[in-house]
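Down below is the structure, laid out as structure tokens.
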Amino acid sequence: MNDKCEMVNQRLGRSFFERDTKAVARDLLGKFLVRKIGKNNLAGRIVETEAYVGPHDLACHASKGKTSRTKVMFGSAGGWYVYMIYGMYHCLNIVTESKNYPAAVLIRALEITDAFDRLGTRDFRLASGPGKLCRTLKIDKKLNCASAVAKNAKLYIEDRGIKIPQSKIVKAKRIGVDYAGKWKNKPLRFYIKGNKFVSKA
DNA sequence: CAAGAGATCATCT
DNA sequence: GATGATCTCTTGA
């Protein structure tokens, strides 16, 4: 192997997401989120995620049942669940597990890689949080219910051959879910140890 | 540096 | 009518 070794940019398909939510959340670390805007691409490496594991998880929006907001989580794996929070930010999730089982992974932070310069700044905080990464990649409710595994997806996830070793992955409790009773402290947040693009909270 | 408050609206009661 | 899977700004030690 030399430094010209082939880059394999393999788009993740439905089978990747149609698995245990914790495994998907962990395995998404090191994958690349790609956002197509017109002819341009913005992309970044996923460095932080959280798992929302099902209807019994009191932090998962779907624990309140199937509503117009949560119905996308009951759909096929690989769907995007985008919602607005605190009246001004969006959060990006990808639906996991089998159809009719509501679960998803929140993508919390990215290390912007592609087209960093076009953003006009190289600030490492550009996508270091769920609201900020949506703002930077221009993700809003128009993408809610779209699919990351559709042929013409404008937002999808790529494997570029990077594998994060288990020893570099930190498990921690999720952020901002203190209302979730005994679920609030479960170690369902995953991030890359020592990575400065991880959110501060 | 840490702690606190305000912004602002979709969603559910 | 209350609240939230957040972020930024202000205050003060």
Side-chain angles (χ1 to χ4, degrees), chain A residues 17 20-29 31 33 35 44 46-75 77-97 101-112 119-146 148 155 157 169-192 195-201:
Chain A
F17 303 105
D20 175 75
T21 305
K22 290 192 296 292
V24 175
R26 194 180 58 230
D27 293 347
L28 278 175
L29 296 178
K31 302 294 189 290
L33 180 68
R35 171 76 168 121
I46 298 170
V47 300
E48 179 180 4
T49 60
E50 280 178 6
Y52 289 83
V53 298
H56 54 300
D57 175 358
L58 296 178
C60 181
H61 291 162
S63 66
K64 304 248 169 35
K66 188 172 183 175
T67 66
S68 57
R69 178 208 216 188
T70 62
K71 64 174 189 252
V72 59
M73 277 196 275
F74 289 79
W80 291 115
Y81 169 40
V82 182
Y83 66 93
M84 173 167 271
I85 188 66
Y86 301 114
M88 58 188 80
Y89 298 106
H90 293 275
C91 288
L92 176 67
N93 303 252
I94 191 144
V95 176
T96 59
E97 311 219 18
Y101 186 87
V105 172
L106 170 68
I107 299 177
R108 281 192 62 88
L110 299 178
E111 173 178 352
I112 301 290
L119 295 170
T121 169
R122 284 193 154 263
D123 193 325
F124 68 87
R125 290 162 296 195
L126 266 178
S128 62
K132 292 193 282 185
L133 80 86
C134 285
R135 193 178 53 191
T136 297
L137 297 194
K138 303 193 193 312
I139 292 163
D140 61 24
K141 284 201 68 180
K142 290 198 282 287
L143 285 160
N144 189 40
C145 297
L155 185 64
I157 299 177
I169 295 178
V170 181
K171 282 190 235 182
K173 66 181 215 178
R174 294 173 294 185
I175 306 293
V177 295
D178 285 349
Y179 60 87
K182 67 177 181 182
W183 283 87
K184 74 177 185 182
N185 290 323
K186 302 253 185 202
L188 293 172
R189 173 177 173 231
F190 302 87
Y191 62 91
I192 299 177
N195 186 286
K196 72 173 180 176
F197 297 85
V198 169
S199 73
K200 232 175 167 188

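Within every chain, numbering begins at 1; the chains are lettered A, B, ... in the order of the sequence lines, protein sequences first and strands thereafter.
- Counting heavy atoms from C-beta on, the side chains of A:Arg108 and A:Ile175 come closer than 4.5 Å.
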Test A:Leu143 against A:Arg35 for side-chain contact (heavy atoms from CB on, under 4.5 Å), laying out the working first.
CA-CA 11 Å; A:Leu143 285 160; A:Arg35 171 76 168 121; 3.8 Å; yes
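- Rounded to the nearest 0.5 Å, atoms SG (A:Cys60) and CZ (A:Arg174) are 8.0 Å apart.
- Side-chain atoms of A:Lys132 and A:Tyr89, non-hydrogen and from C-beta on, never get closer than 4.5 Å to each other.
- Taking the nucleotide of DNA chain B with the nearest heavy atom to each of A:Thr70 and A:Met84, the more 5' of the two is matched to A:Met84.
- Taking 4.5 Å as the limit, some side-chain heavy atom of A:Val53 sits within range of a side-chain heavy atom of A:Trp183.
- Distance check, rounded to the nearest 0.5 Å: CZ of A:Arg135 to CG of A:Leu126 gives 8.0 Å.
- The side-chain heavy atoms of A:Val82 and A:Asn93, taken from C-beta on, include no pair separated by under 4.5 Å.
- As judged by a 4.0 angstrom heavy-atom cut-off over every strand, A:Arg174 is placed among residues making no nucleic acid contact.
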Please convert DNA chain B into dot-bracket. A pair counts if it is Watson-Crick or G-U wobble with both distances under 3.5 Å; crossing pairs go in [ ] and bases paired with another strand get |.
|||||||.||||.
Show the atom names and distances, to 0.1 Å, of all donor-acceptor pairs under 3.5 Å that link a side chain in residues 21-28 of chain A to residues at least two apart or in another chain.
residue : atom : partner : partner atom : Å
A:Thr21 : OG1  : A:Thr96 : OG1          : 2.8
A:Thr21 : OG1  : A:Glu97 : OE2          : 2.5
A:Asp27 : OD2  : A:Arg19 : NH1          : 3.1
A:Asp27 : OD2  : A:Arg19 : NH2          : 3.0

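- Of the P atoms belonging to C:dT3 and B:dA5, the separation is 16 Å, rounded to the nearest Å.
- Of the residues in residues 178-187 of chain A, those with a non-hydrogen atom less than 4.0 angstrom from any atom of DNA chain C are A:Tyr179.
- With values rounded to the nearest 0.5 angstrom, A:Thr49 atom OG1 is found 11.0 Å from A:Lys31 atom NZ.
- In this structure, the side chains of A:Tyr83 and A:His61 come closer than 4.5 Å at one or more pairs of heavy atoms.
- Annotation: side chain of A:Ser63 is not in contact with side chain of A:Asp57 (no heavy-atom distance under 4.5 Å).
- A:Lys64 places its NZ atom 12 Å from the P atom of C:dT3, with the value rounded to the nearest Å.
- To the nearest 0.5 Å, atom OH of residue A:Tyr52 and atom NZ of residue A:Lys186 are 14.5 Å apart.
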Strictly under 4.0 angstrom, non-hydrogen atoms only: write out the protein contact profile of nucleotides 7-13 of chain C, one letter per nucleotide from the 5' end, B, S or -.
SS-----
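- Near-neighbour residues of DNA chain C inside residues 53-60 of chain A, defined by a heavy atom below 4.0 Å, number-ordered: A:Ala59.
- Side-chain contact between A:Leu137 and A:Leu110 is present, with at least one heavy-atom pair separated by less than 4.5 Å.
- Read 5' to 3', the first and last nucleotides of DNA chain B with an atom closer than 4.0 Å to a heavy atom of chain A are B:dA7 to B:dC12.
- A 4.5 Å side-chain heavy-atom check between A:Lys184 and A:Lys173 finds every atom pair outside the cut-off.
- Rounding to the nearest 0.5 Å places CG of A:Leu133 at 9.0 Å from OG of A:Ser128.
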